[in-house]
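From a predicted model like this one, the values you see are computed outputs, not experimental measurements. Atoms considered below: every heavy atom in the structure, side chains included; atoms not considered: hydrogens, waters and symmetry mates.
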Amino acid sequence: MGCTSSIPKWYPMGKRKKKHISIHEVAVFVPAVRVPVAVDLIHPLRGLVPRDLLDNLSAHRGRIVSLAEENYLSSIPTVSELHRALEEYLPVLLGMLKPEHRLEASVEFKWKSLGDDGRETCLASAWYEVLSVVHMMAILSLLEANLMLVPKDSPDSCERKVSEDSKGVAIDLLLKASGCLEYCVHQILVHLPVQIRKSLPNDLQDGILESISSQALAQSVEMQLGLAIESEKATLSVKRRLACEEVSYFSEAHYCLSGCDTSDAYGKKLLLYIKWKYLEAKAAAYYYHGLIVDKGSESSNHVSAVCCLFAADELLTASKRASLSFCLAAPVTRVPPTWGVMKHLHKKIPEVVSKKSQMYGYLFEQDKNEAFQALPDLPEFPLSLRPDYELPEIDAAWNSQICQPQIQTLMAYLKDDEEDVGSH
């Protein structure tokens, strides 16, 4: 049993106020956040779950609903607080999945998107609730990573300075997000009945989840490449490998969207983002590959190197156009300053292209046809990142309580009703 409806951006619960998460500048692409809507857990589970455990379950979920309603999720502390609330709720929720309790389909759980469509989806499945919770944890990790990389207090909007510590935290958050999303695909979706899976919103389709996961891995590699560029010990081979891995992850992210419905604003924005970042990554890969090929002693090595560098320069120019297309697509975001890896490459690629083309221009004149066919393929490397995530242990209260159908006297039932009424 389930229902799906489209609701306005103004929410009817409590004081009517417009909810919108505004991300003015994007370092990490963050899909629309999905948040829980208040539902009655007491009546469907009365007599099936001990009252203290039921109150605990209801209180944890109610706190998440309240935090999501009150916060605009525009600062790291508010995002972290909501993330902790989800982590505390999950062990209590997991008890509903135990087959012997027979509670999996006993409650209709309701969630809504904070995107422009405001879509609301309610499904009678505890696995759907677990999926939504773990998915929200992933999206909040992406949101927090973006906040880490786009400091609000930057004195110069044209300059983005991110500390090494912040980059390290962002890498951990990106890996955590990817791990959560991979777990959703391979360990949670498989438990949902076919009919429930057909009713899921686009955000929870396996292709979308896998694409966002690969994007998160690509960006964690980009952060690692940035740290390698700043390190005197990192070799060209290390930098090339990282750049090539980033290309592979973004290519994988695009492939995962094959067959997915990306017709909504966030789907279109995601495709544009992946294209932009893929072009940047490929420019970096060809730049470092060209520098390594140029170390060869044959004239053909130098020709291939110059072709790689020319390709890097053209890809860099194309990435600028792709960045602008992404920023102008709804929801509109600010054009970011060049920083990190790309700040370095925007300076180095034109310089090195000019220098090497002057050095080896005569080789192109000798055999133009061969020269223009000399662009080598990028090397392929095994992908090194293997993010993982595991659900926490079920709350011990489920093991200590006798969670079997309980017979209540009429007086006890009426007393529970009176307590419920008094609490609202």
Side-chain angles (χ1 to χ4, degrees), residues 1-5 7 11-16 19 34-71 81-82 84-112 120-137 188 191-193 196 199 391-424:
M1 183 177 181
C3 59
T4 304
S5 61
I7 60 175
Y11 294 98
M13 299 176 58
K15 187 177 180 180
R16 291 169 66 87
K19 294 289 293 175
R34 299 179 67 253
V35 299
V37 178
V39 295
D40 178 14
L41 297 177
I42 303 297
H43 283 84
L45 297 177
R46 177 177 293 149
L48 302 176
V49 177
R51 186 56 193 251
D52 56 345
L53 184 54
L54 181 52
D55 287 343
N56 192 24
L57 183 70
S58 183
H60 276 298
R61 194 177 195 277
R63 181 165 179 262
I64 296 167
V65 172
S66 177
L67 287 173
E69 292 245 330
E70 293 171 3
N71 295 331
E81 184 181 12
L82 187 50
R84 284 193 300 272
L86 290 164
E87 289 177 335
E88 292 168 3
Y89 171 50
L90 200 48
V92 185
L93 169 65
L94 291 176
M96 293 185 65
L97 300 180
K98 295 183 76 171
E100 60 267 32
H101 295 159
R102 289 180 280 187
L103 300 174
E104 202 280 325
S106 57
V107 177
E108 270 201 346
F109 290 101
K110 189 179 298 185
W111 287 70
K112 66 188 174 189
E120 184 177 285
T121 306
C122 53
L123 297 168
S125 170
W127 275 112
Y128 165 64
E129 178 79 347
V130 172
L131 173 66
S132 297
V133 168
V134 177
H135 175 264
M136 187 177 183
M137 289 166 59
I188 301 180
H191 290 284
L192 290 171
I196 294 288
S199 302
L391 290 175
E393 294 292 326
I394 295 174
D395 191 287
W398 286 96
N399 297 323
S400 60
Q401 303 270 11
I402 301 176
C403 299
Q404 296 296 331
Q406 301 163 6
I407 299 174
Q408 285 185 306
T409 64
L410 178 59
M411 290 301 293
Y413 185 89
L414 292 174
K415 182 180 179 182
D416 281 350
D417 261 355
E418 289 173 0
E419 290 176 357
D420 292 343
V421 171
S423 66
H424 289 291

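Residues that satisfy the side-chain contact (heavy atoms from CB on, under 4.5 Å) test with P36, not counting sequence neighbours, are R61, I64, V65, W111, M136. Listed by chain and number, the residues in a side-chain contact (heavy atoms from CB on, under 4.5 Å) with L192 are S125, W127, Y128, L131, L189, I196, R197, L200 (sequence neighbours excluded). Listed by chain and residue number, E81, E88 satisfy the salt bridge (Lys or Arg N to Asp or Glu O under 4.0 Å) test with R63 (two or more places apart in sequence, or in another chain). Residues passing the salt bridge (Lys or Arg N to Asp or Glu O under 4.0 Å) test with R34: none are found, sequence neighbours excluded.
Residues P44 and V107 approach most closely at CB-CG2, 3.9 Å, considering heavy atoms.
Within the 4.5 Å cutoff, the side chain of T121 has no heavy atoms near those of the S199 side chain. A heavy-atom distance below 4.5 Å is not found between the side chains of I188 and H135. Using a 4.5 Å heavy-atom threshold, the side chains of V134 and L86 count as separate. Between I42 and R51 the shortest side-chain heavy-atom distance falls below 4.5 Å. Looking only at side-chain heavy atoms (C-beta outward), L41 and F109 come within less than 4.5 Å of each other.
Atom CG of L45 sits about 11.0 Å away from atom CG of D55, to the nearest 0.5 Å. Between atom CE of residue M137 and atom OH of residue Y89 there is a gap of 13.0 Å, rounded to the nearest 0.5 Å. Atoms CG and CD, on D40 and E108 in that order, are 11.5 Å from each other to the nearest 0.5 Å. The OG atom of S106 sits 3.5 Å away from atom CE of M96, with the distance rounded to the nearest 0.5 Å. Taken to the nearest 0.5 Å, the CH2 atom of W398 stands 10.0 Å off from the CG atom of N56. The CG atom of L93 lies 10.0 Å from the CD1 atom of I394; values are rounded to the nearest 0.5 Å.
A donor-acceptor pair under 3.5 Å is absent between the side-chain atoms of E120 and the main chain of K112, judged by distance alone.
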